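These notes concern the structure reproduced below.
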Amino acid sequence: MIAVSHLSKTFAGARARQVLNDVSFDVARGEFVALVGESGIGKSTLLNLIAGLERPDAGQVVVDGVDLAALSDDDATALRRTRIGFVFQSFHVLPYLTVADNVALPLALAGRRDAAAQARVHRMLADVGLDARGASMPRELSGGELQRVAIARALVHAPPLLLADEPTGNLDPDSAAHVIALLRDCVKRNGATALLATHSRTAAAAADRVITLTARGVDVRAAPP
Amino acid sequence: MTASALRLVARAAFGGTFARERGRLALAVLAIALGVALGYAIQLVNRSAIDEFASGMAALSGAADLEVRGPRAGFDEALYPLLARQDGVAIASPVVEVEAALAGRDTTLRIAGVDAFRAAAVTPALVGNADAALDLLTPRNVFLSPAAARALSAAPGATLAVRAGSAEVPLAVAGLTPDGGGQVYATMDIAAAQDLFARTGRLTRIDIKLAPGADVATMRERLQALLPPGVVAASPAAGVDATARMSRAYRVNLDVLALVALFTGALLVFSTQALSVARRRAQFALLRTLGLTRRRLVALVLAEAGAIGVAGALAGLPLGYAFASLALRHFGADLGAGFFRGAAPQVVVDVQGALVFALLGVLAAVAGSLLPAREAARAAPAQALKAGGADAALDRLASPWPGAALLAAGALATRLPPMADLPLPGYLAIAAMIGGTLMLLPRIVKALLSVAPGGRGAPANLALAQLRGSPGQATVGLAAIVASVALLASMAIMVASFRQSLDDWLGKLLPADAYVRPGGGDTAALSPDDQRRLAALPGVRRIEFLRTQSLLLDPTLPRVILLARTLDDPVDRLPLTGDPQLPGPLDPPAVWVTETLQDLYGYAPGRRIVLPLSGRDVAFTVAGVWRDYARQQGAVLIDRERYIALTGDRDADDAAVWLAAGTSLDDFRRALAAGVPGASRFGVTTADELRRFSLAVFDRTFAVTYALEAAAVAIGLAGLTASFGALVLARRREFGMLRHIGMTRRQIGAMLAFEGLAVSGVGVATGLVLGGAISLVLIRVVNRQSFHWSMDVSVPWGGLAAFAATLLALALLATLVAARQAMSDDAVRAVKDDW
């Protein structure tokens, strides 16, 4: 599903900083993989490169057979719209849209707002246990509930790949465990592949495989520690 | 994308904006509305005035294909049978037209003496509706146009006294003429007019209707070949065009001022949108991450701006109609400039103009959003999703070269000549100067702030650090204030220069103690006998007489004024604009021409010219060019004795009187009443009175300009207020953090006040410098090319300083109001907010 080959990325500026140096790994279709490493090591940058939000300085990223470097910005955007879902640490749920409208946003961006799309939204809300909260506003929800909304939004358009950047970073341990379990369950049920950047042991423990990012490169383990 | 999907995406992009930024959006709409209103109002006034004038002229010229016109004093009536008998001429209608002074009223009336039977077939508007045909021929009968009857409150049966020479002659209002297109005039029998107004043997116009099939252009050339110098054959439209042309520069200047107000509105939209886009960076980044393309994002932001433009246009058009109605009622069709005497138009809705200005309003709003939309699309979503990414958006300093290139282009454009009689390169130069300065504004801000002295204490130092670190944010708020301060400063300097130059000019041209006039118009004059009696009055030390005539040099331009006066020391007495070139003993005699003739006819010092006098061409040498603010159509000054020798005309229109020591004005008035028969009809004014009257007319003419300036400054101040408020809102987390670490509310307020003053100070200073540069373009290029006037630069330092201080005080007030929100508890809670 994901093939990363000799990826390098440096952030230019007054003090240039090399964030990634010759990183290579693969993620097979259907895997639930945790990406771990100390803060500032480049986990978020790696996810952004895989999503086509940043361009590498060297190396290659192939997602579902598509070489991202060969895509224009519009094509990369279209790829994200149809084939990738996102879950963020800060949820990024729009406060002035209802829960249901937040979840429906990826479908709307793809031009879909028909009955089938609405049914899909309802099903996703049911999957995350928020089927009764579709008409609620985000401010009425707890942090854990907001992250469940974000998960529903990330999977509503049935993307083959889900990227999650510290999805439990703003949650208490109990909520975090619940969200990770829910995330894994939804991903597996939808037949998607997931790559989670995380500090959380719970998240790493739920993964099929753990990739550790270090200053020297990657350390891939077949099973969680 | 389905409509429903698009609605959700639009709500995702804009949701919350209308709720959170109602005030700022309303200001942006108001700014566009004001610009549209001013532009549409001026368009309506101009259109109504020209249309009314043109339709009036068309009504008066009736079925005439050609008009034969000459100087105001007329031409030999022997031309009439010569032209009437030409092949191709169906009917020729002779006209004697005078501007008659009315006894007992401070006004004149245009009276056309016509042959009723011929005029009926060519210009029926000049033939009165008489009960009996003989009424048309009765010598003392006059027929008023309906507009004249209303203006003079004189119905049929009333008596109207006119001044003819030194006598007052009662005329009987025998009836009304047909409608006449709203023009104020009267008609009477031509022979009676010639006799009454001493025009025997003279005509001022011949209206010609051609035979069917006759070609107008060919006939015009054939008739022109028969005419003496100074008499031309032209289409009736040429007269309208000449007046329209004379007023065009004034009207275009007002149009440009209105467009500047719209431009300032666009800058306000820019400020509002730039800060709104910056505030929504994370929102837009989320949408980009979820799959919204750059192009669609730009389209959404521009659509939002378009909505502001539409709302502004819809509000502005009815407002513009109201402004136009008020302006016509209070200032007249020419807004006080004096071009359209006799026109009393009503406002007519101009649908096409409304569409144009509505579109301009929308375009202004969209143009103001172009940069923010581009910025929104260009932002990297990954960085924008991080907290603190908002600051980076506006901090990128653009290359200085485009701005510098614009300034250079503006400087070059000031060297170009006018296009189509309009100072278009001058306007382009001003636009380039404003655009170039705005593009360089972030660097100007950075440069000025780098030398700004630090304050004592944390608030002032924090404020300076914030501004130095984010010059882009300061620039966004400044754009509108810089443009509006520049506009006001440039207009203030131009008007002050003009006023001072006018005052100096009046001082030079009005050296006498008193001025005696027999009355306005063409029909009252000082006869040679009057002149002798005046000169002999006790207490009169010295007296000079002036005769005024008009010459038709070019049928596409208004008549030029001929001034005949004693020229004992013209180099010293005239406000010359350059070195004179006095003619040699073998050269034709000297004349002194105004700047208008220099610009329009090429009459430069040393040049030999020919002027039509008394039906023949007479050669003269241009000895010098003088400044004249009274006669925009141009004037030529010749020695009175030479004029009398050439024309035999010994009458005078004006006497300048120097009083002997110890003689008061009242003494002179008493001596005048006792020593000159009929002196009660004379007007006696002092130089001071004439000066005060002239300056009052000047102030009235510029009243509309002052209104436009005030609107532009209000827009600029609103822009500064709106942008500062938006910045404060965007920095709530920062203020919350400062409150967390122990900064008091008062300290935060002080920090914001310092920021506001610093930003406003930079804006006002930049605006004043830019305004000074623009004023030079207005004075030396735009005014000269528009009105053919030069003026000396005079800067109203006190006024500008007071304005700057007021604006800084208002800006400080605005920042303190915004600071109140920053110091609220909401700011503390904002630290924890997701958004």
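Naming convention: chains lettered A, B, ... in sequence-line order (proteins, then strands); numbering from 1 in each chain. None of the values given here were measured: they were computed from a predicted structure.
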Chain B interface, residue from [options] that has the most non-hydrogen pairs under 4.5 Å:
options                            : answer
A/Asp73, A/Thr45, A/Leu47, A/Asp74 : A/Asp73
A/Asp114, A/Asp101, A/Leu146       : A/Asp101
A/Thr82, A/Leu53, A/Ile84          : A/Leu53

Atom group of [X] that falls short of 4.5 Å from chain A, counting heavy atoms:
X        : value
B/Arg7   : neither
B/Ala12  : both
B/Leu287 : both

Do you see a donor-acceptor pair shorter than 3.5 Å between the side chains of A/Asp165 and A/Ser44? yes
Any luck finding a side-chain donor-acceptor pair between A/Ser72 and A/Asp75 under 3.5 Å? yes
Non-hydrogen side-chain atoms of A/Arg83 and A/Val63 separated by less than 4.5 Å: no
Side chain, backbone, both or neither: which part of A/Ala76 has a non-hydrogen atom closer than 4.5 Å to chain B? neither
Main-chain N/O of A/Pro167 paired with A/Gln147 side-chain donor or acceptor, under 3.5 Å: yes
Residue selection (most heavy-atom pairs with chain A, distance under 4.5 Å) from B/Leu6, B/Thr289, B/Val9: B/Thr289
Select, from B/Thr2, B/Leu292, B/Leu8, B/Thr293, the one with the greatest count of heavy-atom pairs under 4.5 Å involving chain A. B/Leu8
When you check the gap from the basic side-chain N to the acidic O, do B/Arg280 and B/Glu304 get nearer than 4.0 Å? yes
If you compare all heavy atoms of A/Glu145 against all heavy atoms of A/Arg133, which two are closest, and at what distance to 0.1 Å? OE2-NH1, 3.4 Å
Parallel, tilted or perpendicular: which one describes the rings of A/Phe88 and A/His92, with boundaries at 30° and 60°? perpendicular
